[in-house]
Engineer: 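Quick one: the structure is below, and I'll ask about it shortly.
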Protein chains: 2
Amino acid sequence: MTDDLVARIRRFNRAVTRETGALDNSFLDRGRPLGAARVLNAIGRGMGDLGRLRAYLGIDSGLLSRLLRGLEREGLVETLADPGDARRRIARLTAQGEAEFAAYEDLSNARAAALLTRHPRPEALVAAMDLVACALGQEQIETAQEDPRCAVALACLASYYAELAGRLPGGFEVGRSRDPEAADMSAPRGSFRVAYADGLPVGCVGLKRREADWAEVKRLWVAPAARGLGLARRLMAEIEADAGALGVRLLRLDTNSALGEATEFYRRSGWREIARFNDDPYPDLFFEKALCD
Amino acid sequence: MTDDLVARIRRFNRAVTRETGALDNSFLDRGRPLGAARVLNAIGRGMGDLGRLRAYLGIDSGLLSRLLRGLEREGLVETLADPGDARRRIARLTAQGEAEFAAYEDLSNARAAALLTRHPRPEALVAAMDLVACALGQEQIETAQEDPRCAVALACLASYYAELAGRLPGGFEVGRSRDPEAADMSAPRGSFRVAYADGLPVGCVGLKRREADWAEVKRLWVAPAARGLGLARRLMAEIEADAGALGVRLLRLDTNSALGEATEFYRRSGWREIARFNDDPYPDLFFEKALCD
DNA sequence: CAATTTGCCTGACTTAAGTCAAGCAAATGA
DNA sequence: TCATTTGCTTGACTTAAGTCAGGCAAATTG
């Protein structure tokens, strides 16, 4: 049985190797060797300082240096010293470099769009790709504190609300819930964290400050593709650390018994069920947890 | 919305590029350049003649020749003339080459197995990979006539029966159905076709000879991952061609109204509903189609 | 049968990719 | 302050990968 699964994974590997080979070839159509194209694209996606570039591309410092000189000669890139430490250097795209980067982006986007249009069930295909990407990159998931009003945060929250609407017996409308005000979930009053798998959001959690000594955990959500990888545990640990740093000693949260795996998770990770502490119509279970330091 | 899907496909591409890069590097651990390793593996997977090797690997004949000489020097490969056309040459592995190929196989299998064991939902992951592999390789699906008693045919039929068991209102047990005897679905009496996506089965269809002038289409099945790609249409067209070649002029089939998309498909592709023509307990819809030549 | 085509091999290249050691300037530490 | 470390660059390599033209023998065609 496992043999069969392994064989299928290997078919997947072959299919995908063929595809990425084709993608590489299309990159070469712009008349630049793959190495240089990769550097240009990495800079375009925000990897400025050379250390990160080297780590991401997995290349030697000598090689990176040479590739950068080549791109500089083409007028696509310029490098400047890091203001904080003049040994370090930061690469960035010139206007011309931005244009070239955009051309590569268009190429990739067009290929992706072509795949979508010739598939009968694009959403299913992309959901499958999400699952695979999360499985392959499970060590690479990063989290960052974000403003709860930024675009990615809103996208996470929209997915979260959509899921609630589907799973709560009576549906869910944000307007009727006690939507936490963004200010209470932003520094310095609270916190909002987003988990990213290679730049796209796959989870979030909010900390809403209530009184001086207690705060509420809100909007814990993990994308379906990333479930089971321990991301909820990690987000919760990080938001608890944020709470500790803000001087909070007691956390509370509310949830609904229809969300069985969430309730299970809270019980397993040190939360204690308490009586209702708000008048929100949706939750029917309430928990609290004391932070020890 | 499509922008979002495109971004997710591109994240998938990046995740997978990283992974295949790592795979390539593990291949290099065996001390052989990637090109030579690819040739060795392609020969190991049955690609003997040099023309197919070149097409599959996408390399120039000069380069392939040189890589083969290298593998010959290592004692892993030997080439002989094609008995039918002495200009063509056929490469095959020596005993030592088989051992080396097996070592690469073990490496790949171990990586795949590691991915499985660290994932919470291995079946879901592999199903997602199947879907993606079929989407990427949809042009590459090949069909072949097989013996209905061979291992892949039995695997297809098992999946087919499992699906029927889940979808028919009263379940499904093969034993109670009129299981066509294999001899009636083998040449020269009938036909059985399997569709392969890169070596793994993704669909099948059988033709069971009944009388001199008519035959029954049985076991039309397409793997979930490959649905919507027009594979049923293709399998049906090929089995109709097989039927024509066998001198059959009239085809019949039975199905169940619970399989809505199948019924729809038959109606759309020239089948006409007729009265029950057998006493199988499972079907409740019967079709026939005259073959014109 | 001779002329042509096909399939493969070889030698002579070019380009890309990667490695290694030396060197230089800015930062850090005793 | 001086020695050391860090981050980057450069020059001098090696290896892999790929291209192209010429050549040869077997097959095919007129």
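Since the structure is predicted, the reported quantities are computational estimates derived from the model, not experimental observations.
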Engineer: Checking contacts here: which listed nucleotide (D/dT9, C/dG18, C/dC9) is nearest the side-chain heavy atoms of A/Leu50?
Structural biologist: D/dT9
Engineer: Take atom CG of B/Leu53 and atom C1' of C/dC8, then tell me their distance rounded to the nearest Å.
Structural biologist: 13 Å
Engineer: Return the 5'-most residue of the pair A/Ile59, A/Arg87 with respect to DNA chain C, ranking by each residue's nearest nucleotide.
Structural biologist: A/Ile59
Engineer: A/Leu63 has an atom CG; how far is it from atom P of D/dC13, in whole Å?
Structural biologist: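 Distance check: A/Leu63 CG to D/dC13 P gives 18 Å.
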Engineer: In plain terms, say whether B/Glu105 and B/Arg45 are close enough for a salt bridge, that is, a side-chain N and a carboxylate O under 4.0 Å apart.
Structural biologist: yes
Engineer: Starting at atom CG of B/Leu34, determine the distance to atom P of D/dA17, rounded to an integer number of angstrom.
Structural biologist: 6 Å
Engineer: Give the intermediate values and the outcome of side chain to side chain donor-acceptor pair (under 3.5 Å) for residues B/Arg38 and B/Tyr104.
Structural biologist: CA-CA 10 Å; B/Arg38 295 216 307 147; B/Tyr104 280 110; over 6 Å; no
Engineer: For the side chain of A/Arg66 and the base of C/dG18, is some donor closer than 3.5 Å to an acceptor across the two?
Structural biologist: no
Engineer: Check the distance between D/dT15's P and B/Arg32's CZ and give it to me in whole angstrom.
Structural biologist: 17 Å
Engineer: What is the separation between atom CZ on B/Arg89 and atom P on D/dA25, rounded to the nearest whole Å?
Structural biologist: 13 Å
Engineer: Hey, are B/Thr79 and B/Arg89 close enough side-chain-wise for a donor-acceptor pair under 3.5 Å?
Structural biologist: yes
Engineer: Just how far, in rounded Å, is C1' of D/dC8 from CG of A/Leu64?
Structural biologist: 9 Å
Engineer: Starting at CG of A/Leu76, measure out to CD of A/Glu100 and round the result to the nearest 0.5 Å.
Structural biologist: 6.0 Å
Engineer: Does a donor on one side chain and an acceptor on the other come within less than 3.5 Å for B/Thr143 and B/Glu238?
Structural biologist: yes
Engineer: Nearest of C/dA27, D/dA16, C/dC9 to any side-chain atom of A/Asp85?
Structural biologist: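 When the side chain of A/Asp85 is considered, C/dA27 is the closest of C/dA27, D/dA16, C/dC9.
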Engineer: Under a 4.0 Å threshold between the charged nitrogen and the carboxylate oxygen, would A/Arg92 count as salt-bridged to A/Glu78?
Structural biologist: yes
Engineer: Rounded to whole angstrom units, what separation is found between the CZ atom of B/Arg38 and the C1' atom of D/dG18?
Structural biologist: 13 Å
Engineer: Can we say A/Asp130 and B/Arg11 salt-bridge, meaning some charged N sits less than 4.0 Å from an Asp/Glu carboxylate O?
Structural biologist: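 Yes, charged N to carboxylate O under 4.0 Å.
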Engineer: Rounded to the nearest Å, what distance is computed from the CD1 atom of residue A/Ile90 to the P atom of nucleotide D/dG7?
Structural biologist: 13 Å
Engineer: Got a donor-acceptor pair under 3.5 Å from the side chain of B/Arg54 to the base of C/dG7?
Structural biologist: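 No pair found.
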Engineer: Heavy atoms from C-beta onward define the side chain here; which of D/dT19, C/dA27, C/dC9 lies closest to that of B/Asp60?
Structural biologist: D/dT19
Engineer: Name every residue in residues 67-83 of chain B that has at least one heavy atom under 4.0 Å from any atom of DNA chain D, in order of residue number, or write none if there are no such residues.
Structural biologist: none
